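In what follows, a single structure is set out as structure tokens and then discussed.
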2 protein chains.
Amino acid sequence: MQDKTTQATRQAQSSNQSHPVSADLIAVVIAVTDGEPRVLTIGQARALPSGPFELGHRSLQSGLRAWVERQTGHPLGYIEQLYTFADRDRTGDERAQISISYLGLTREEQVERSPTHGWRGWYDYFPWEDHRVGVPPILDDILMPRLLAWADEAEDPNRRHDRRQRVAYSFGLDDRDWNEELVLQRYELLYEAALVAEATRGRDNGSPPSIPGRPMVADHRRILATGIARLRTKIKYRPVVFELMPPAFTLLQLQRTVEALAGRLVHKQNFRRLIEQQDLVEETGETMSDTGGRPAKRFRFRQSVLAERAVAGTKLPVSRA
Amino acid sequence: MQDKTTQATRQAQSSNQSHPVSADLIAVVIAVTDGEPRVLTIGQARALPSGPFELGHRSLQSGLRAWVERQTGHPLGYIEQLYTFADRDRTGDERAQISISYLGLTREEQVERSPTHGWRGWYDYFPWEDHRVGVPPILDDILMPRLLAWADEAEDPNRRHDRRQRVAYSFGLDDRDWNEELVLQRYELLYEAALVAEATRGRDNGSPPSIPGRPMVADHRRILATGIARLRTKIKYRPVVFELMPPAFTLLQLQRTVEALAGRLVHKQNFRRLIEQQDLVEETGETMSDTGGRPAKRFRFRQSVLAERAVAGTKLPVSRA
DNA sequence: CATAATTATACTCACTTCGAGCATAAGGAT
DNA sequence: ATCCTTATGCTCGAAGTGAGTATAATTATG
């Protein structure tokens, strides 16, 4: 018995006997420019920056930074881990593939252009996610009818009910509100219903009816959906928006950034109240008078809040209008 | 240029050229028995169940389930990913080591005993985290003085201030409230201050002054801290507590479970109000009359809530008393 | 130069949420 | 019968939050 426990302990500590796998690092890097959230891409905007984790890398994070810099020239600031998953159905070799994805946030100014990589508005990939100017027509005209048809396709009545319920929940049907955080759930439903190009790839279904939303390589669009969902959730309880802002900004610029991310509008006065009463920002003293109208005070993020307390984010005072 | 993009795309799709790594799966499996949160351990309660990810595993999750079942005989129910990290300073071979950790929740009844594995109260590992019967004496008597001493040790005054601030924030000094979610931050501070056994392991500092909290192998205690933190956060916005409950329970039993996890007491009447107004449970019709007092109605979790809507969890109506 | 248009900013109001506490109900123990 | 203990119902006040009104300070326009 003593043998057994020590063996278990050793096994828990290191596992050199295990089969080798290869590990890929994948980055979802976000910036907001001109009121549009954008994602850093390579390969004709069809892939996320990524590369294998190598022995030379000091850590997963530094490996990721290295790859993104090598492929796009972009240094990364804030990054956080998204999700790790294993793929078996990749290439035929006898090695499992593990992918570790990260979310990175960077500032507007650092955006630049290039032929090999570039920034792409994330609503190009998820046109049904932008509700800032109302419900996108794509939803009512194309997606909802097809989703409901797909739900009704199921033989089993329980299954049919389950599908309808999931569609209703994810897309805010009936009396339910649209929940901007359910980006991944929506993408997966569309995938399941074969309403995104990635779902029919490899099968010979002929070309499926033209489907909105730019597809990506492998499961990169799913990873992007995961990143967007995480960001939309996180801005509500952590002050991460500021990673995307220039050093000084007006409250409206901040609001527009939040709206771009959330894909919905917020109530202006309440938004200001929220930001101010949480002491997230301080005035720089300057004002901005660009867009015609009363000049706005400029603010900067109070870096000290990060250390001071359990900071909340931007609670998104939603506007139903 | 066309070459460059295709190359980048190919690279993003698969990376067979990458150095092989080995991947370990590590499980933090939690149950609550007799009002105590417990974690499933192996190796004399010094290690978490874990094992290498192998080719035979259909997915990371199924690999994890297989290992936990093999090492402890325990089937897993609910599991979710915690974090992935890379270790270089393990054994000397030229292969990087990646660890993927998971949080698993299981029911009380499935708990059993064995010599090779077992359930251990998680406060054995983190005695400073249990505030149900007031602030643990260990904190005021031992940890806080040492932490503050450690903060003052720093040469650089900025560094000193930073350390003090982190201690104050993580441990709720001054006017700040104790935040039960900061389990990981607290453990890491204690580690940094060399107040946990793991921090001095391998160095020949002689034996450090006796330190509260049972240590674990490698970084398993840190992983456990991550799991506890995740769970304490998650019960507030998702109805995951029910994964830990028997099929039928009284509201007090539910409350005790939440309290066990959170490490703090909640206001009874408000707790009931919260659970009931969210329609999380429904009466079974039976009552329980065991602990002396008016018999309590028994409830069961309404499984349908999971599908119905964006369910909130247990908002923890804290009691300051 | 007066007026309109536009954005900034201050305040009010109704309603909900939430921490606390009081009060009553329904069992068992003595 | 009385007390102790837990269950359960209800109220109150403070704080938070969605919405809307009102005023201020600019630029654009006629």
Side-chain angles (χ1 to χ4, degrees), chain A residues 35 131 177-180 235-237 248-259 262 264-299 310-321, chain B residues 35 131 177-180 235-237 248-259 262 264-299 310-321:
Chain A
H131 287 230
D177 283 330
W178 172 264
N179 183 343
E180 77 275 4
I235 49 173
K236 293 180 185 158
Y237 67 96
F249 47 84
T250 69
L251 291 184
L252 185 58
Q253 289 172 334
L254 182 63
Q255 181 183 341
R256 293 293 177 233
T257 303
V258 168
E259 290 174 334
R264 64 183 345 187
L265 299 177
V266 305
H267 185 283
K268 188 167 174 172
Q269 296 94 318
N270 291 347
F271 177 79
R272 308 174 97 265
R273 175 173 65 186
L274 213 59
I275 299 295
E276 285 175 333
Q277 82 188 9
Q278 288 192 124
D279 279 319
L280 293 177
V281 297
E282 63 193 0
E283 303 184 12
T284 65
E286 314 152 287
T287 66
M288 278 262 299
S289 50
D290 56 335
T291 35
R294 175 172 169 177
K297 291 182 189 164
R298 301 184 80 192
F299 293 84
V311 252
T314 314
K315 288 231 201 65
L316 284 210
V318 278
S319 146
R320 309 213 188 279
Chain B
H131 289 230
D177 282 330
W178 172 263
N179 183 343
E180 76 275 4
I235 48 173
K236 293 180 186 159
Y237 66 94
F249 47 84
T250 70
L251 290 183
L252 186 57
Q253 289 171 334
L254 181 64
Q255 180 183 343
R256 293 292 177 233
T257 303
V258 168
E259 290 174 335
R264 65 187 337 189
L265 299 178
V266 306
H267 184 282
K268 187 168 175 171
Q269 295 95 318
N270 291 347
F271 178 79
R272 308 174 100 263
R273 175 173 64 186
L274 214 59
I275 299 294
E276 285 174 334
Q277 82 188 8
Q278 288 192 128
D279 279 318
L280 292 177
V281 297
E282 63 192 3
E283 302 184 12
T284 66
E286 315 152 288
T287 65
M288 279 262 300
S289 51
D290 57 333
T291 34
R294 173 174 170 177
K297 292 183 189 163
R298 301 185 81 191
F299 293 84
V311 252
T314 315
K315 290 234 200 60
L316 283 211
V318 277
S319 144
R320 310 214 187 279

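Every chain is numbered from 1, with letters handed out A, B, ... down the list of sequences. These numbers come from a predicted model, not from an experiment.
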* Ion pair check, B/Glu259 and B/Lys268, cut-off under 4.0 Å -> no

* Is A/Glu282 salt-bridged to A/Lys297, going by a charged N under 4.0 Å from an acidic O? ->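 So A/Glu282 does not pair with A/Lys297 through a salt bridge.
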
* **CA sep, side-chain torsions, deciding dist, call: B/Leu280, B/Phe299, side chain to side chain contact (heavy atoms under 4.5 Å, CB included)** => CA-CA 10 Å; B/Leu280 292 177; B/Phe299 293 84; over 6 Å; no

Drop me the distance from [X]'s [atom1] to [Y]'s [atom2], to the nearest 0.5 angstrom.
X        : Y        : atom1 : atom2 : value
B/Thr250 : B/Arg256 : OG1   : CZ    : 9.5 Å
A/Leu265 : A/Phe271 : CG    : CZ    : 12.0 Å
B/Gln269 : B/Leu251 : CD    : CG    : 12.0 Å

May I have the distance from [X] (atom [atom1]) to [N] (atom [atom2]), rounded to whole angstrom?
X        : N      : atom1 : atom2 : result
B/Gln277 : C/dT16 : CD    : C1'   : 10 Å
A/Leu265 : D/dG18 : CG    : P     : 14 Å
B/Leu274 : C/dT17 : CG    : P     : 10 Å
A/Leu254 : C/dT7  : CG    : P     : 17 Å
A/Ile275 : D/dT17 : CD1   : P     : 12 Å
A/Arg298 : D/dA25 : CZ    : P     : 20 Å
B/His267 : C/dT17 : NE2   : P     : 18 Å
A/Met288 : C/dT6  : CE    : P     : 18 Å

Where do N or O atoms of nucleotides 28-30 of chain D meet protein N or O atoms at under 3.5 Å, pair by pair?
none

* For the side chain of B/Glu276 and the backbone of B/Arg273, is there at least one donor-acceptor N/O pair under 3.5 Å apart? ->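 Such a contact is absent between B/Glu276 side chain and B/Arg273 backbone.
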
Would you tabulate the nitrogen or oxygen pairs shorter than 3.5 Å linking the protein to nucleotides 8-12 of chain C?
unit_1: C/dA8; atom_1: OP2; unit_2: A/Lys268; atom_2: NZ; d: 2.6
unit_1: C/dA8; atom_1: N3; unit_2: A/Arg294; atom_2: NH1; d: 3.4
unit_1: C/dT9; atom_1: OP1; unit_2: A/Lys297; atom_2: N; d: 3.3
unit_1: C/dT9; atom_1: OP2; unit_2: A/Arg272; atom_2: NH2; d: 2.2
unit_1: C/dT9; atom_1: O5'; unit_2: A/Arg272; atom_2: NH2; d: 3.0
unit_1: C/dA10; atom_1: N6; unit_2: A/Gln269; atom_2: NE2; d: 3.4

* Taking all atoms of both residues into account, what is the closest heavy-atom pair of B/Arg264 and B/Trp178, and its distance? -> NH2-O, 3.7 Å

* With A/Thr284, which residues qualify under side-chain contact (heavy atoms from CB on, under 4.5 Å), at least two apart? -> A/Ala248, A/Glu286, A/Arg298, A/Arg300

